[in-house]
Amino acid sequence: MAKQYWIGDILVGSHDEEVVELCGWVHRTRGSNKIRFLVLRDSTGSLQCVIKKGAVDDECFDALSGALIESSVRVTGQVIRTDREHGYELSVSTGNVVGAVNPDSPFPITESAMAEADGGETEFLLDNRHLYLRTSRMTKMLKIRSTVFGAVHSYFRDRDFIEYQAPNFVAGAVEGGSTLFEVPYFGKKAYLTQSWQLYAEAAMPALERLYTIAPSFRAEKSRTRRHLTEFWHAEMEIAWGGNQEVMEHGEALVRSIAQSLVEEREDELSELGRDIDMIQKYADSKYPRMRYDEAVETLQSKGVEIEWGQDLDYSKEKILTQDFEVPHFLTHYPRVAKPFYHRPDPEDPKYVLCHDLLAPEGYGEIIGGGERTWSEKEILERIDEEGTPREPYEFYIDIRRYGGVPHGGFGMGIDRVCAWLSGADHIRETIPFPRDSRRVTP
RNA sequence: GCCGACAUAGCUUAGUUGGUGGAGCGGUGGACUGUUAAUCCACAGGUCGCAGGUUCGAGUCCUGCUGUCGGCGCCA
């Protein structure tokens with residue numbers, strides 16, 4: 001029998017005084033041998049169910065009284081408005097346990113485990129991720145995550161972008177080769193993809209505006225609050241556009257994600273301690289832009305040791321973002337600091353036409369993108385100067401022999417965006433089963 | 001790859017100068033007809049991460065190992 005009633009609907013007054021059957025999991029129980037209080041949880045909220053001896057038969061009373069935390073139950077009763085703490089209660093007339101929890105192995109995640117973690121994650125909670133998912137904190141995170149994914153799809157589809165899929169087994173790297181996951185492939189070697197980009201460029205002349213949401217894999221041994229070895233990547237590519245147009249899309253996308261969260265997830269964000277006005281500001285503000293040279297000057301004026309040509313590492317990003325209350329772009333990095341596919345600036349080929357979007361509050365880079373090197377001559381020059389072998393990129397070079405056009409795109413780390421907008425302490429709080437250099441289980 | 005920290009019951013932890021490990025939650029049994037992390041009484045639950053060493057004696061001191069966590073470089 002399909003579930004018909006949802007606790008969230010009861011809590012907003014949709015079933016006042018009605019008799020309903022609720023299906024869910026036991027969050028907490030308390031009470032005496034004559035009256036039991038069972039806090040029932042489903043995906044939409046939780047509700048206190050009152051079970052009085054005499055109002056239900058003894059078998060039902062005993063069964064529900066014995067239901068341990070996280071047992072699944074069905075209860076039928078009348079929805080009662082109350083002045084007590086919860087606003088609503090269910091006055092139970094009957095019910096039963098569907099999936100019992102064995103007292104020899106009760107639900108291991110206790111209040112103390114949650115309190116200690118304090119929004120973070122202990123080893124125990126990471127080991128029991130499959131059970132931790134059903135706690136209120138993770139549930140909120142997963143709902144926020146869903147809204148972010150939905151907002152990305154909406155943004156691109158509303159603008160006639162085509163969703164396009166690239167292979168996950170690849171022969172070559174996008175970023176530096178050292179961070180590739182190597183996998184055996186019928187006696188040969190293949191790698192897990194780091195980015196959809198190179199294969200998206202192949203479809204650029206066919207679709208002109210394309211995007212994806214897909215996992216990317218990077219074998220970085222990074223142990224930071226910003227890194228996963230498997231992360232979700234929102235990427236886009238457009239024909240007939242360059243660094244400026246791509247950057248406009250990046251800004252508009254991030255702003256629309258923030259707006260969707262304000263509209264759909266205000267409760268979840270507030271309960272996680274997020275200030276909604278701040279998220280609204282991220283949705284409403286223009287994001288400032290700064291050239292690499294300007295960033296270097298700013299850093300030098302703050303006494304940071306940095307030489308022109310160096311990439312901006314996280315510690316330097318953080319110093320820069322201190323001055324901003326909203327995300328901001330860094331553009332026009334030196335070509336020596338960026339991979340071959342970035343197009344050198346025709347006005348000054350020392351630089352490439354690229355941009356990074358840095359999130360405030362210390363969350364760092366959430367988007368990296370730019371204009372692509374699109375002529376055969378230029379791409380060969382860039383590959384050779386970088387010392388990258390040509391063979392794995394033969395298809396990529398070949399694209400440019402048949403009607404190359406200016407184009408560009410960006411990649412956005414969705415998990416990072418979720419971490420930033422939800423205010424998470426660590427990126428892995430935003431993903432159901434985080435993967436890092438030391439953990440592939442559960 | 002590098003630097004740092006930690007490891008005690010299912011969970012969270014206390015454990016003093018080395019002298020046979022306590023508690024709260026959770027579980028079990030009991031009391032209680034309106035509880036809000038309910039309360040009260042009782043019970044069960046420990047190879048103190050692993051392996052060596054010092055010592056009459058090690059959760060505690062030393063060495064090694066393993067695991068985990070935090071951070072760096074790189075990136076989204």
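Predicted model, so just to flag it, every value in this text is computed and none were measured. Chain letters run A, B, ... following the sequence lines, proteins first and then strands; every chain starts at 1.
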Separation between the [atom1] atoms of [N] and [M], rounded to whole Å:
N	M	atom1	result
B:rU20	B:rA58	C1'	12 Å
B:rG53	B:rC6	P	25 Å
B:rU33	B:rC48	P	44 Å
B:rA9	B:rA5	P	23 Å
B:rC74	B:rC2	C1'	13 Å
B:rG73	B:rC61	C1'	37 Å
B:rC43	B:rG59	P	26 Å
B:rA37	B:rA51	P	43 Å

- Query: Closest nucleotide of RNA chain B for A:Pro106 versus for A:Lys318: which of these residues is on the 5' side?
  - Reply: A:Pro106
- Message: Reading RNA chain B from 5' onward, which residue's closest nucleotide shows up sooner: A:Asp104 or A:Asp436?
- Response: A:Asp104
- Kindly state whether the ring of A:Trp308 and the ring of A:Tyr351 have centres lying under 6.0 angstrom apart. yes
Taking the inter-plane angle between the rings of [X] and [Y] on a 0 to 90° scale, is it parallel (under 30°), tilted (30 to 60°) or perpendicular (over 60°)?
X	Y	value
A:Phe329	A:Tyr287	tilted
A:Tyr393	A:Phe340	perpendicular
A:His249	A:Tyr155	perpendicular
A:Tyr292	A:Tyr333	tilted

Atom pair distance, as rounded to whole Å: [atom1] in [X] and [atom2] in [N]:
X	N	atom1	atom2	result
A:Tyr363	B:rC75	OH	P	22 Å
A:Glu70	B:rC11	CD	P	17 Å
A:Ile109	B:rU12	CD1	C1'	13 Å
A:Ile69	B:rG26	CD1	C1'	7 Å
A:Glu317	B:rC75	CD	C1'	9 Å
A:His355	B:rC75	NE2	P	15 Å
A:Glu305	B:rC72	CD	P	18 Å
A:Tyr314	B:rG71	OH	P	9 Å

- Using a cut-off of 4.0 Å between protein heavy atoms and nucleotide atoms, how would you tag nucleotides 30-38 of chain B 5' to 3' with B, S and -? --BBBBBBB
- Tell me, for nucleotides 41-46 of chain B in 5' to 3' order, what letter each nucleotide earns: B for a base near a protein heavy atom under 4.0 Å, S for only sugar-phosphate near one, - for neither? ------
- Query: Looking for any heavy atom pair under 4.0 Å, which part of the strands does A:Ser315 touch: base, sugar-phosphate only, or nothing?
  - Reply: sugar-phosphate
- When we call it a touch if two heavy atoms are under 4.0 Å apart, what does A:Asp311 touch: a base, just sugar-phosphate, or nothing? sugar-phosphate
- Message: Applying ring pair (Phe, Tyr, Trp, His ring centres under 6.0 Å), can you list everything that pairs with A:His15, at least two apart in sequence or on another chain?
- Response: A:Tyr5
- Item | With sequence neighbours excluded, residues passing ring pair (Phe, Tyr, Trp, His ring centres under 6.0 Å) with A:Phe410 | none
- Is the phosphate of B:rC74, meaning OP1 or OP2, less than 4.0 Å from a side-chain N or O of A:Arg223? no
Listed in order of residue number, which residues of [range] have a non-hydrogen atom at under 4.0 Å from RNA chain B?
range	answer
residues 406-422 of chain A	A:Gly411, A:Gly413, A:Arg416
residues 365-374 of chain A	A:Glu365, A:Ile366, A:Ile367, A:Gly368
residues 224-233 of chain A	A:Thr224, A:Arg225, A:Arg226, A:His227, A:Leu228, A:Phe231, A:His233

- With sequence neighbours excluded, tell me which residues meet salt bridge (charged side-chain N to carboxylate O under 4.0 Å, His left out) with A:Lys140. A:Glu271
- Options B:rG73, B:rU12, B:rC69, nucleotide nearest the side-chain atoms of A:Phe124: B:rU12
- Note on the structure: Contacts satisfying salt bridge (Lys or Arg N to Asp or Glu O under 4.0 Å) that involve residues 90-109 of chain A (not counting sequence neighbours) are none
- For residues 9-31 of chain A, pull every pair meeting salt bridge (Lys or Arg N to Asp or Glu O under 4.0 Å), keeping only residues two or more places apart or in separate chains. A:Asp16-A:Arg81, A:Glu21-A:Arg74, A:Arg28-A:Glu111
- Query: Of all heavy-atom pairs between A:Glu429 and A:Arg137, which one has the smallest distance, and what is that distance?
  - Reply: OE1-NH2, 2.7 Å
- Query: Do you know the tightest heavy-atom contact between A:Pro339 and A:Arg382?
  - Reply: O-NH2, 2.8 Å
Would you confirm whether [X], through its side chain, and [Y], through its main-chain N or O, come within 3.5 Å as a donor-acceptor pair?
X	Y	result
A:Asp415	A:Trp232	yes
A:Glu235	A:Gly411	no
A:Ser71	A:Val26	no

- Message: Going by side chain to side chain donor-acceptor pair (under 3.5 Å), name the residues that satisfy it together with A:Thr388, two or more places apart in sequence or in a different chain.
- Response: A:Glu386
- Message: Using side-chain heavy atoms (C-beta onward) and a distance below 4.5 Å, is A:Met412 in contact with A:Val417?
- Response: yes
- Query: Can you check whether A:Val148 reaches A:Ile414 side chain to side chain, under 4.5 Å on heavy atoms?
  - Reply: yes
- Is it true that A:Glu365 and A:Arg226 have a side-chain N and a carboxylate O under 4.0 angstrom from each other? no
- Message: Looking at A:Lys53, I'd like to know if its NZ atom is crowded, meaning that more than 12 non-hydrogen atoms belonging to other residues, nucleotides or ligands lie closer than 6.0 Å.
- Response: yes
- Note on the structure: Given Watson-Crick and G-U pairs under 3.5 Å, RNA chain B in dot-bracket ([ ] crossing, | other strand) is (((((((..((((.....[..)))).(((((.......))))).....(((((..]....))))))))))))....
